[in-house]
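If you read the sequence from its start, that first residue is 1, and numbering goes on from there.
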Amino acid sequence: MASIYFKGRIDFETLSMSEISAITAAVATLETMAKKHGFEFVSGPSRKGSPRPDMAGPRSTTRPKAQRRLLLALVSRGHPMTVREIAETTGLKEGTINPHLSALYSSGIIHRIRQRLPNAPEGLGRKSTTTYSLTEDGITIAEEIRKSGETLID
């Protein structure tokens, strides 16, 4: 009887969307086969919202690279920015930026400001815009990242 053993952690931040999709499909297939053929397969839940083991805390400069880039972008501009402006500044896609902004907001590192658009039409469509800026802790962290020599170009 053949046996394969795998234990590890996959860092999705370094993977492309197609690679993440392939891994997700493979895990789903293994879960289905495990039920059908009665073998053991265990996959852990996403730790979304849980602190990463490599982070010393909310003031840590060892945050994921995308979050460090967002903080550098916000501190370099010095004024609130929209997701589109952050994307243009960092070179990251808006879909990549949103979960990192949520994590930074939840950690109290950034402010989120929603403003109603002037002359917003009634009915469907955008009625507000959201901008992001650094809190005092966020400024401190961004300055620490900047002092470490990291730039938006890294």
Could you state the interatomic distance from CD (Q67) to CG (L104), rounded to the nearest 0.5 Å?
4.0 Å

Under 3.5 Å donor-acceptor, E85 side chain and T82 backbone:
yes

Could you grab the distance from atom CG of L70 to atom CZ of R68, nearest 0.5 Å is fine?
11.0 Å

Nearest-0.5 Å distance that lies between atom OG1 in T140 and atom CD1 in I109
10.5 Å

Straight-line distance of T151 OG1 to L72 CG, nearest 0.5 Å:
7.5 Å

Which distance, rounded to the nearest 0.5 Å, do you find between the CG of N98 and the CG of L92?
11.0 Å

If you look at every heavy atom in A73 and M81, which pair is closest and at what distance?
O-SD, 3.7 Å

Linked, directly or transitively: Y105 and I113 (ILVMFWY side chains, under 4.5 Å):
no

Show every salt bridge (charged side-chain N to carboxylate O under 4.0 Å, His left out) that has at least one partner inside residues 91-101, sequence neighbours left out.
R84-E94

Here the pair of heavy atoms bringing R112 nearest to T130 is CG-CG2, 3.4 Å

Nearest 0.5 angstrom please: H79 NE2 to L134 CG, how far?
11.5 Å

After noting the C-alpha distance and the side-chain angles of V75 and I145, does the key distance pass the side-chain contact (heavy atoms from CB on, under 4.5 Å) rule?
CA-CA 10 Å; V75 77; I145 293 168; over 6 Å; no

So does E143 pair up with R146, basic N to acidic O under 4.0 Å?
yes

Specify the closest pair of heavy atoms between T96 and P99, including all atoms of both residues, with the distance to one decimal.
O-CD, 3.4 Å

Which atom names give the shortest non-hydrogen contact between Y132 and L74, and what distance separates them?
O-CD2, 3.3 Å

